[in-house]
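All remarks here apply to the structure that follows.
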Amino acid sequence: MRSVTFDADSRTWLLRTPATSYALRLDADDVPVHLYWGPVLTLEQAASLPSGARRVSSFDGGGARDELVTEAGARFHTPSLQIAFPGGVRGVDWRFKAYEADGGHLVLRFADAHEPLELELHYRVYDDGDVIERWTRLVCQVPVTLLRCDSAAWSVPMRDGYRLSHVAGDWGAENQLVRADLTTAETTLTSRRGMTSHAANPWVMLDAGDATERHGEVWSGALAWSGSWRITVTRDPAGRAGWTGGFGHEGLSWRLEPGQEWVTPVFAGLYSAHGYGGASRRWHDYVTKHVLPEPDELRPVIYNSWEAVGFDVGEAGQKELAALAAQVGTELFVMDDAWFGGRTSDRAGLGDWWPNPERFPGGLAPLIDEVHRLGMRFGLWVEPEMVNPDSDLYRAHPDWVLHQPGRPRTELRNQLVLDLSKPEVADWAHKWLHRLVSEHEIDFLKWDCNRPFTEVADDRAWIGHVRAVYAILDRLRADHPHLRVEACAGGGGRTDLGILARTDQVWTSDNTDAFDRIAIQRGFGQVYPARVMAAWVTDSPNPITHRRTPLAFRFHIAMAGALGIGGDLPRWSPEELEQAAALVAVYKDIRPVVQLGVQHRLPYGVQYAHEDRVVVLAWRGPVRHGTPEPPLRLEGLDPLGRYRDEDTGVLHHGAVLMSGGLPLELPRDEDYASALVRLRREA
Ligand code: DGJ
């Protein structure tokens with residue numbers, strides 16, 4: 001189904017995925033130029049595509065459709081590659097050398113006409129989905145400075161107008177979906193924080209302003225990188241639109257020594273003709289098939305101690321929590337922060353990774369054994385990239401942190417960033433993690449990261465640090481195949497395709513208020529699938545928002561992802577514990593449908609379908625009197641199929657569920673109402 005073909009006469013390459021085509025061509029100057037991205041074309045059709053607009057005035061610039069926009073000649077478009085050679089020479093004078101197509105992998109090799117630069121554009125397509133992966137590799141035999149080196153520039157077809165979708169946010173309010181007309185300008189989405197960030201997430205979607213959740217063409221891209229990044233979306237005055245993006249934020253530069261290779265992360269792109277929902281489902285499918293290390297494994301129901309006890313951690317208290325967690329049916333008990341060194345608050349101890357001898361006089365083994373005896377797996381919180389100045393580690397190695405000579409070291413949450421781009425620091429981090437996991441029966445790590453970078457003295461650290469994190473995670477997983485990892489950065493500050501390639505789930509947000517979570521989870525799900533979206537049920541009133549919501553409402557929203565519990569269980573009443581146990585049991589029943597199924601976002605809920613089962617989770621927050629409640633029309637069912645409600649026994653017809661909707665009356669006398677419906681298709 002996938003293919004890479006070449007028409008020698010027009011020098012056109014055509015990439016085919018099951019439902020889409022992507023075409024590019026070498027122009028008369030050997031510059032690779034974008035031609036087409038949309039529904040399937042034949043090579044003959046692609047070869048017949050016109051090459052693009054002619055210059056009409058001396059003020060016209062080129063570059064708008066380049067596959068990687070450089071600074072050479074009359075190119076005034078947002079650059080993807082800014083390279084400075086010795087002697088004041090900038091940009092690339094492209095010379096095509098050769099191409100290789102191996103299965104779905106296309107490599108276009110170029111050189112510079114004057115400088116000893118090799119430049120490769122990589123493309124990869126798959127048989128089982130429409131996502132196209134792209135990245136760039138370069139190597140030069142003279143020293144160069146890279147001021148920008150994006151993974152790819154993506155162009156979309158010309159339309160009368162464009163709309164940009166992306167997410168913005170903050171700590172505790174990640175992934176707020178923003179959908180607005182794309183103005184004629186350069187719009188930059190970025191993180192300058194050394195991590196993916198809460199404020200933005202490295203993906204974009206463009207449509208012509210006519211796409212809906214169910215219908216319409218959507219072009220999208222997602223970057224596989226967990227450090228600083230930049231994506232610039234451009235709509236130019238001539239009416240063309242696209243984006244270029246990659247790692248690093250503006251203003252950084254990297255000096256490459258002769259022969260030193262530079263490879264960018266993957267920037268994946270997707271065209272879908274089935275609306276935002278269709279685009280999201282294809283992204284979920286891609287993450288499942290080509291990103292996650294253990295995609296098909298059902299995620300366990302987790303209990304996490306953070307919201308219950310904060311820094312007040314000890315063996316007895318954790319055992320008490322573990323007993324109750326087991327009672328309500330959780331499968332993995334995670335002891336969060338404050339089990340180590342002198343960490344009794346966020347002021348001290350970070351970096352001293354041995355069990356606090358006062359809190360755990362017999363080490364961690366008695367707790368771990370008890371958790372295992374209760375039938376749960378054991379997980380532990382770590383924050384390997386950080387250090388409190390008040391720690392033995394910092395006293396021994398004050399030079400290991402990001403810092404600039406003569407400048408104050410900015411503390412955030414009383415901590416500094418360890419510079420893992422330094423081999424000795426990365427080696428230290430790997431060694432203690434490896435020892436920790438080898439010496440204890442640890443099944444799961446929650447890898448946290450609670451502050452952005454400041455005072456970076458060498459720009460290489462922005463990239464080297466992230467690569468070191470990846471390398472440590474990759475080694476740990478290879479050496480401990482049973483180990484599962486949750487990515488966390490003060491909630492959802494490190495959610496991206498790069499970290500998902502070596503973790504199993506993401507802590508979505510520190511905000512566990514179920515009502516706030518509706519928007520956070522909706523934004524998260526635009527690209528990332530439910531199975532990686534960790535969602536806990538916590539206490540009411542919520543510790544952050546102080547909002548009171550019913551237990552079932554909290555559960556129904558958390559059940560839309562990888563369910564966990566983070567409440568202070570000793571304070572829950574026997575009735576609440578009983579209700580929680582019943583709801584955890586229901587979740588275990590629907591878990592394959594939620595975690596392995598196909599997701600359809602509904603106007604006030606979400607639907608998952610897997611094999612012959614369909615699960616609908618619906619919810620409503622406070623509404624004004626008279627607010628209409630439209631029927632919840634289901635999607636993607638067999639119109640001729642009969643679907644039996646597993647709880648009430650009522651029989652529904654697929655065609656009716658998709659047109660008239662699922663009869664569902666959320667109680668009007670409750671501010672926070674919710675429902676869970678399980679349907680099974682009859683043979
Ligand atoms: C931030 C995380 O998001 C929380 O869940 C918790 O692990 C704290 N850090 C611990 O310091």
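Counting convention: from 1, in listed order, for ligands and their atoms alike.
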Practice problem: Over all heavy atoms of both residues, which pair between Pro293 and Asp504 is shortest? Give the atoms and the distance, please. | Solution: CG-OD1, 4.2 Å
Exercise. Scan residues 564-597 for pairs that pass ring pair (Phe, Tyr, Trp, His ring centres under 6.0 Å), counting only residues two or more places apart or in two chains.
Key: none
Could you tell me, for ligand 1, which of its N or O atoms are under 3.5 Å from any protein N or O, listing the pairs and their distances rounded to 0.1 Å?
| from | atom 1 | to | atom 2 | distance (Å) |
| --- | --- | --- | --- | --- |
| ligand 1 | 3 (O) | Gly491 | N | 2.9 |
| ligand 1 | 3 (O) | Asp510 | OD1 | 2.4 |
| ligand 1 | 3 (O) | Asp510 | OD2 | 3.1 |
| ligand 1 | 5 (O) | Lys446 | NZ | 2.7 |
| ligand 1 | 5 (O) | Trp507 | NE1 | 3.4 |
| ligand 1 | 5 (O) | Asp510 | OD1 | 3.4 |
| ligand 1 | 7 (O) | Asp336 | OD1 | 2.6 |
| ligand 1 | 7 (O) | Asp336 | OD2 | 3.2 |
| ligand 1 | 7 (O) | Trp381 | NE1 | 3.0 |
| ligand 1 | 7 (O) | Lys446 | NZ | 3.0 |
| ligand 1 | 7 (O) | Asp448 | OD2 | 3.3 |
| ligand 1 | 9 (N) | Asp448 | OD2 | 2.7 |
| ligand 1 | 9 (N) | Asn450 | ND2 | 3.4 |
| ligand 1 | 11 (O) | Asp337 | OD2 | 2.6 |
| ligand 1 | 11 (O) | Arg413 | NH1 | 2.9 |
| ligand 1 | 11 (O) | Arg413 | NH2 | 3.0 |

Practice problem: Go through the side-chain N and O atoms of Asn175 and His198 and say whether any donor and acceptor fall under 3.5 Å apart. | Solution: no
Quiz item: Is Asp390 paired with Arg347 through a side-chain N to carboxylate O contact shorter than 4.0 Å?
Solution: no
Quiz item: Can a salt bridge be assigned to the pair Glu297 and Arg484 using a cut-off of 4.0 Å between side-chain N and carboxylate O?
Solution: yes
Quiz item: Do Trp381 and Asp448 meet the criterion of a side-chain donor-acceptor pair at a distance under 3.5 Å?
Solution: yes
